[in-house]
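These notes are about the structure you will find just below.
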Amino acid sequence: MPFKFEASKAFWKHFDKLNPQQQAAARDKFQTFKKDPFSPSLRPHKINRLTALLSRTVYAVDIEGDLRVTFYQDGQTIMSVSIGTHDIYK
Amino acid sequence: MPATLPTPGPVRKASRSQTMGFGASSIHQVQFHNWVEEEEADELTKAKSDFSLWLSAIAKNEVLFERHVYKNPNLSDLDLHQHRSLLFGLLSFGERLIVAFHKLGAAKTIDPSNYFKLIQQNLDSLLESFNAWHGPLEAQEDIPEEFVEGIRDIAEGKIVDLDKALNEKPDDAVQV
(Lines give C-alpha, C1' and ligand atoms only; values in the text may rest on other atoms or scores of the structure.)
Protein backbone atom coordinates (compact mmCIF):
# COMPACT_ATOMS: atom_id res chain seq x y z
CA MET A 1 0.00 0.00 0.00
CA PRO A 2 1.53 3.33 -1.02
CA PHE A 3 2.17 6.08 1.51
CA LYS A 4 0.02 9.16 1.79
CA PHE A 5 2.15 12.30 2.05
CA GLU A 6 1.01 15.20 4.16
CA ALA A 7 2.63 18.25 5.75
CA SER A 8 1.97 20.63 8.59
CA LYS A 9 0.95 24.14 7.65
CA ALA A 10 4.13 25.33 9.36
CA PHE A 11 6.08 23.23 6.86
CA TRP A 12 4.14 24.90 4.04
CA LYS A 13 4.87 28.37 5.40
CA HIS A 14 8.59 27.68 5.90
CA PHE A 15 8.95 25.95 2.53
CA ASP A 16 7.48 29.06 0.92
CA LYS A 17 10.14 31.18 2.64
CA LEU A 18 13.04 29.22 1.10
CA ASN A 19 14.87 30.84 -1.79
CA PRO A 20 13.98 29.61 -5.33
CA GLN A 21 17.14 27.49 -5.58
CA GLN A 22 16.38 25.71 -2.30
CA GLN A 23 12.77 25.20 -3.32
CA ALA A 24 13.85 23.66 -6.63
CA ALA A 25 16.33 21.37 -4.86
CA ALA A 26 13.68 20.37 -2.35
CA ARG A 27 11.11 19.57 -5.05
CA ASP A 28 13.70 17.43 -6.77
CA LYS A 29 14.50 15.53 -3.55
CA PHE A 30 10.84 15.13 -2.77
CA GLN A 31 10.44 13.14 -5.98
CA THR A 32 12.71 10.52 -4.40
CA PHE A 33 11.09 11.03 -0.99
CA LYS A 34 7.65 10.25 -2.38
CA LYS A 35 8.91 7.05 -3.95
CA ASP A 36 10.66 5.97 -0.77
CA PRO A 37 11.03 8.31 2.23
CA PHE A 38 13.67 5.96 3.63
CA SER A 39 15.76 5.86 0.48
CA PRO A 40 19.46 5.78 1.49
CA SER A 41 20.16 8.56 -1.01
CA LEU A 42 18.24 10.91 1.29
CA ARG A 43 20.31 9.78 4.28
CA PRO A 44 17.30 9.23 6.53
CA HIS A 45 18.24 9.27 10.20
CA LYS A 46 16.40 9.20 13.50
CA ILE A 47 16.54 12.29 15.65
CA ASN A 48 16.69 10.74 19.10
CA ARG A 49 15.83 13.74 21.19
CA LEU A 50 12.77 14.66 19.14
CA THR A 51 11.79 11.00 19.19
CA ALA A 52 11.98 10.99 22.99
CA LEU A 53 10.07 14.24 23.34
CA LEU A 54 7.29 13.15 20.99
CA SER A 55 7.21 9.48 21.97
CA ARG A 56 7.25 8.63 18.27
CA THR A 57 10.13 8.10 15.91
CA VAL A 58 11.10 11.34 14.19
CA TYR A 59 13.36 11.21 11.15
CA ALA A 60 15.18 13.77 9.08
CA VAL A 61 16.33 13.57 5.47
CA ASP A 62 18.89 15.70 3.68
CA ILE A 63 17.61 18.12 1.06
CA GLU A 64 20.45 20.41 0.15
CA GLY A 65 23.48 21.44 2.17
CA ASP A 66 22.28 21.84 5.75
CA LEU A 67 18.64 21.95 4.72
CA ARG A 68 16.67 19.04 6.14
CA VAL A 69 13.08 17.92 6.43
CA THR A 70 11.75 16.31 9.59
CA PHE A 71 8.96 13.78 9.36
CA TYR A 72 7.36 10.83 11.03
CA GLN A 73 5.37 7.85 9.89
CA ASP A 74 1.85 7.36 11.21
CA GLY A 75 0.55 4.14 9.71
CA GLN A 76 0.50 4.72 5.97
CA THR A 77 0.88 8.48 6.29
CA ILE A 78 4.23 10.22 6.06
CA MET A 79 3.86 13.52 7.87
CA SER A 80 6.40 16.24 7.10
CA VAL A 81 6.68 18.41 10.18
CA SER A 82 9.27 21.06 9.39
CA ILE A 83 12.01 22.13 7.03
CA GLY A 84 15.10 23.97 8.17
CA THR A 85 18.83 24.04 8.78
CA HIS A 86 19.02 23.57 12.54
CA ASP A 87 21.79 21.48 14.10
CA ILE A 88 19.31 19.26 15.90
CA TYR A 89 18.14 17.95 12.49
CA LYS A 90 21.63 16.61 11.68
CA MET B 1 21.76 -0.87 57.23
CA PRO B 2 24.79 -1.23 59.57
CA ALA B 3 24.50 2.26 61.05
CA THR B 4 21.15 1.50 62.64
CA LEU B 5 21.86 -2.01 63.84
CA PRO B 6 22.07 -2.43 67.63
CA THR B 7 25.63 -2.65 68.89
CA PRO B 8 26.45 -6.15 70.15
CA GLY B 9 29.02 -6.99 72.84
CA PRO B 10 29.75 -6.64 76.56
CA VAL B 11 28.11 -3.27 76.98
CA ARG B 12 24.70 -4.67 76.31
CA LYS B 13 25.38 -7.47 78.77
CA ALA B 14 26.46 -5.03 81.46
CA SER B 15 23.49 -2.87 80.84
CA ARG B 16 21.19 -5.88 80.97
CA SER B 17 22.76 -6.97 84.28
CA GLN B 18 21.98 -3.58 85.67
CA THR B 19 18.34 -3.79 84.86
CA MET B 20 18.20 -7.28 86.28
CA GLY B 21 18.95 -5.93 89.75
CA PHE B 22 22.64 -6.46 90.31
CA GLY B 23 24.15 -4.18 92.90
CA ALA B 24 24.82 -0.47 92.37
CA SER B 25 28.57 -1.12 92.52
CA SER B 26 28.34 -2.90 89.19
CA ILE B 27 27.47 0.42 87.55
CA HIS B 28 31.11 1.45 87.96
CA GLN B 29 32.17 -1.63 86.07
CA VAL B 30 30.08 -0.73 83.04
CA GLN B 31 32.25 0.18 80.15
CA PHE B 32 31.33 3.61 78.79
CA HIS B 33 29.76 3.30 75.42
CA ASN B 34 28.69 6.54 73.76
CA TRP B 35 26.38 4.89 71.31
CA VAL B 36 24.68 8.17 70.39
CA GLU B 37 27.84 9.60 68.89
CA GLU B 38 28.79 6.25 67.45
CA GLU B 39 25.42 6.05 65.75
CA GLU B 40 25.82 9.56 64.35
CA ALA B 41 29.34 8.79 63.17
CA ASP B 42 28.06 5.69 61.44
CA GLU B 43 25.35 7.73 59.75
CA LEU B 44 27.97 10.18 58.58
CA THR B 45 30.13 7.37 57.20
CA LYS B 46 27.13 5.93 55.45
CA ALA B 47 26.00 9.29 54.05
CA LYS B 48 29.49 9.99 52.72
CA SER B 49 29.72 6.52 51.24
CA ASP B 50 26.26 6.88 49.67
CA PHE B 51 27.27 10.24 48.25
CA SER B 52 30.35 8.71 46.60
CA LEU B 53 28.29 5.82 45.28
CA TRP B 54 25.75 8.24 43.87
CA LEU B 55 28.41 10.29 42.05
CA SER B 56 29.88 7.09 40.61
CA ALA B 57 26.44 5.92 39.53
CA ILE B 58 25.79 9.23 37.78
CA ALA B 59 29.09 9.00 35.88
CA LYS B 60 28.51 5.35 35.00
CA ASN B 61 24.97 6.00 33.83
CA GLU B 62 26.02 8.96 31.70
CA VAL B 63 28.16 6.57 29.67
CA LEU B 64 25.19 4.22 29.33
CA PHE B 65 22.89 7.09 28.33
CA GLU B 66 25.32 8.17 25.62
CA ARG B 67 25.46 4.67 24.19
CA HIS B 68 21.87 3.52 24.59
CA VAL B 69 19.91 6.76 24.29
CA TYR B 70 21.67 9.89 23.07
CA LYS B 71 23.65 8.26 20.27
CA ASN B 72 21.76 5.03 19.76
CA PRO B 73 20.88 4.71 16.05
CA ASN B 74 18.18 2.16 16.97
CA LEU B 75 16.57 3.99 19.85
CA SER B 76 13.44 2.20 21.07
CA ASP B 77 10.65 2.83 23.55
CA LEU B 78 12.33 0.41 25.92
CA ASP B 79 15.53 2.46 25.83
CA LEU B 80 13.51 5.53 26.77
CA HIS B 81 11.74 3.68 29.59
CA GLN B 82 15.11 2.61 30.98
CA HIS B 83 16.46 6.14 30.63
CA ARG B 84 13.55 7.54 32.63
CA SER B 85 13.79 4.77 35.19
CA LEU B 86 17.49 5.41 35.87
CA LEU B 87 17.03 9.18 35.97
CA PHE B 88 14.14 8.82 38.43
CA GLY B 89 16.30 6.53 40.56
CA LEU B 90 19.26 8.91 40.59
CA LEU B 91 17.03 11.89 41.36
CA SER B 92 15.33 10.02 44.18
CA PHE B 93 18.64 8.90 45.68
CA GLY B 94 20.01 12.45 45.51
CA GLU B 95 16.98 13.86 47.30
CA ARG B 96 17.38 11.24 50.02
CA LEU B 97 21.03 12.25 50.39
CA ILE B 98 19.96 15.85 50.97
CA VAL B 99 17.67 14.65 53.75
CA ALA B 100 20.43 12.49 55.26
CA PHE B 101 22.90 15.39 55.30
CA HIS B 102 20.23 17.71 56.74
CA LYS B 103 19.80 15.28 59.60
CA LEU B 104 23.56 15.15 60.19
CA GLY B 105 23.72 18.94 60.04
CA ALA B 106 20.91 19.27 62.57
CA ALA B 107 22.74 16.89 64.91
CA LYS B 108 25.85 19.08 64.44
CA THR B 109 27.75 16.03 63.25
CA ILE B 110 28.94 17.86 60.16
CA ASP B 111 28.56 21.15 58.32
CA PRO B 112 26.69 19.84 55.27
CA SER B 113 26.75 23.04 53.18
CA ASN B 114 29.33 21.77 50.69
CA TYR B 115 27.47 18.49 50.31
CA PHE B 116 24.22 20.37 49.70
CA LYS B 117 25.88 22.42 46.98
CA LEU B 118 27.37 19.40 45.22
CA ILE B 119 24.24 17.30 45.53
CA GLN B 120 22.06 20.14 44.25
CA GLN B 121 24.36 20.74 41.27
CA ASN B 122 24.04 17.11 40.29
CA LEU B 123 20.30 17.07 40.90
CA ASP B 124 19.90 20.13 38.69
CA SER B 125 21.92 18.48 35.95
CA LEU B 126 19.89 15.24 36.19
CA LEU B 127 16.64 17.19 36.14
CA GLU B 128 17.86 19.14 33.13
CA SER B 129 18.57 15.87 31.29
CA PHE B 130 15.18 14.54 32.27
CA ASN B 131 13.35 17.64 31.04
CA ALA B 132 15.40 17.87 27.84
CA TRP B 133 14.52 14.30 26.88
CA HIS B 134 11.18 13.67 28.50
CA GLY B 135 9.70 17.07 29.26
CA PRO B 136 7.00 18.87 27.29
CA LEU B 137 7.99 19.92 23.76
CA GLU B 138 6.68 23.45 24.28
CA ALA B 139 9.05 23.92 27.23
CA GLN B 140 12.21 23.21 25.18
CA GLU B 141 14.09 26.42 24.49
CA ASP B 142 16.54 24.89 22.01
CA ILE B 143 14.08 23.09 19.75
CA PRO B 144 13.46 25.08 16.56
CA GLU B 145 10.23 27.01 16.71
CA GLU B 146 9.29 25.78 13.23
CA PHE B 147 9.31 22.18 14.53
CA VAL B 148 7.22 23.03 17.60
CA GLU B 149 4.87 24.98 15.34
CA GLY B 150 4.63 22.02 12.96
CA ILE B 151 3.71 19.61 15.75
CA ARG B 152 1.18 22.09 17.13
CA ASP B 153 -0.35 22.47 13.67
CA ILE B 154 -0.67 18.73 13.24
CA ALA B 155 -2.32 18.41 16.68
CA GLU B 156 -4.80 21.11 15.63
CA GLY B 157 -5.48 19.45 12.28
CA LYS B 158 -3.69 22.16 10.29
CA ILE B 159 -2.42 19.73 7.69
CA VAL B 160 -2.07 20.01 3.91
CA ASP B 161 -1.25 17.60 1.13
CA LEU B 162 2.51 17.56 0.55
CA ASP B 163 2.14 18.34 -3.16
CA LYS B 164 0.11 21.40 -2.34
CA ALA B 165 2.75 22.54 0.17
CA LEU B 166 5.46 22.11 -2.47
CA ASN B 167 3.67 23.73 -5.38
CA GLU B 168 1.24 26.32 -4.11
CA LYS B 169 1.73 29.48 -2.14
CA PRO B 170 0.09 29.70 1.25
CA ASP B 171 -2.35 32.59 0.92
CA ASP B 172 -3.23 35.08 3.62
CA ALA B 173 -6.39 33.19 4.39
CA VAL B 174 -4.31 30.31 5.71
CA GLN B 175 -3.88 30.75 9.44
CA VAL B 176 -0.29 29.67 9.90
Side-chain angles (χ1 to χ4, degrees), chain A residues 3-18 22-31 33-34 37 43-60 63 66-72 74 77-90, chain B residues 65-84 87 128-176:
Chain A
F3 288 121
K4 181 181 176 189
F5 291 88
E6 294 185 327
S8 69
K9 286 195 176 173
F11 171 93
W12 191 8
K13 182 177 84 174
H14 290 283
F15 180 81
D16 189 60
K17 286 181 181 170
L18 299 176
Q22 286 176 315
Q23 286 191 8
R27 284 194 192 97
D28 187 48
K29 283 289 171 81
F30 272 108
Q31 295 303 316
F33 184 76
K34 288 180 72 180
R43 207 182 67 84
H45 51 283
K46 284 183 189 175
I47 308 177
N48 287 4
R49 181 143 166 244
L50 298 180
T51 295
L53 287 168
L54 258 63
S55 296
R56 66 160 72 232
T57 306
V58 177
Y59 301 89
I63 296 294
D66 289 339
L67 188 63
R68 292 177 180 88
V69 168
T70 63
F71 71 97
Y72 63 80
D74 185 8
T77 300
I78 299 292
M79 180 66 72
S80 294
V81 179
S82 63
I83 185 163
T85 58
H86 301 278
D87 281 352
I88 198 167
Y89 299 161
K90 279 183 184 169
Chain B
F65 295 162
E66 280 289 314
R67 191 191 315 151
H68 296 288
V69 181
Y70 307 152
K71 292 180 179 168
N72 180 358
N74 299 306
L75 184 72
S76 70
D77 279 350
L78 191 56
D79 295 316
L80 295 173
H81 280 296
Q82 291 177 86
H83 187 225
R84 278 192 291 269
L87 284 172
E128 199 178 311
S129 294
F130 183 85
N131 286 329
W133 285 79
H134 305 286
L137 181 65
E138 306 273 351
Q140 309 299 320
E141 290 177 2
D142 59 334
I143 300 293
E145 179 53 31
E146 73 203 24
F147 184 84
V148 178
E149 202 184 337
I151 292 298
R152 196 187 307 129
D153 280 353
I154 294 164
E156 292 172 3
K158 295 178 181 173
I159 295 165
V160 293
D161 186 81
L162 181 62
D163 280 334
K164 184 173 179 175
L166 295 176
N167 298 300
E168 294 180 24
K169 283 192 86 62
D171 57 37
D172 291 338
V174 178
Q175 299 293 309
V176 289

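So you know, we letter chains A, B, ... as the sequences are listed, proteins then strands, and number each from 1. Values reported hereafter were calculated over all heavy atoms of this structure, with side chains retained and with hydrogens, waters and symmetry mates removed.
Scanning all heavy atoms of the two residues, the minimum distance from B:Pro73 to A:Lys46 falls at O-CD, 3.7 Å. The two residues A:Lys13 and B:Pro170 come nearest to each other via the heavy atoms CA-CG, 4.3 Å. Scanning all heavy atoms of the two residues, the minimum distance from A:Trp12 to B:Lys164 falls at CH2-CE, 3.6 Å. Smallest separation of non-hydrogen atoms from B:Trp133 and A:Ala52: O-CB, 3.2 Å. Of all heavy-atom pairs spanning B:Ala165 and A:Phe15, the tightest one is O-CD2, 3.4 Å. The two residues A:Ser8 and B:Asp153 make their nearest non-hydrogen contact at CB-CB, 4.1 Å.
Contact tally against chain A (heavy-atom pairs below 4.5 Å) for B:Arg84, B:Glu145, B:Glu146: the top residue is B:Glu146. Per-residue heavy-atom pair counts under 4.5 Å with chain B were compared for A:Arg49, A:Gln23, A:His45, and the maximum is reached by A:Arg49. Ranked by heavy-atom pairs under 4.5 Å with chain B, the list A:Ile78, A:Thr57, A:Asp87, A:Leu50 is led by A:Leu50. With chain A as partner, the option from B:Ile154, B:Asp77, B:Asn167, B:Leu80 having the largest number of non-hydrogen pairs under 4.5 angstrom is B:Ile154.
Residue A:Lys4: no heavy atom, backbone or side chain, is found under 4.5 Å from chain B. Contact of A:Ile88 with chain B is made through the side chain alone, with heavy-atom distances under 4.5 Å. With a 4.5 angstrom heavy-atom cutoff, B:Asp79 does not touch chain A via any of its atoms. Only the backbone of A:Ile83 comes within less than 4.5 Å of a heavy atom in chain B; its side chain stays farther off. Both the backbone and the side chain of A:Phe5 come within less than 4.5 Å of a heavy atom in chain B.
Here the side chains of B:Leu162 and A:Phe3 are not in contact, with every heavy-atom distance at 4.5 Å or above. At a threshold of 4.5 Å between non-hydrogen side-chain atoms, the residues B:Val69 and A:Asn48 do not count as touching.
Around the CD atom of B:Glu128, the shell of radius 6.0 Å holds no more than 12 heavy atoms that belong to other residues, nucleotides or ligands.
Summarising the geometry, atom NZ belonging to A:Lys29 is positioned 14.0 Å from atom CG belonging to B:Leu166; distances are rounded to the nearest 0.5 Å. Between the CG atom in A:Leu54 and the CZ atom in B:Phe147 there is a gap of 5.0 Å [rounded to 0.5 Å]. Considering NZ of A:Lys9 and CD1 of B:Ile159, their distance stands at 9.5 Å, rounded to 0.5 Å.
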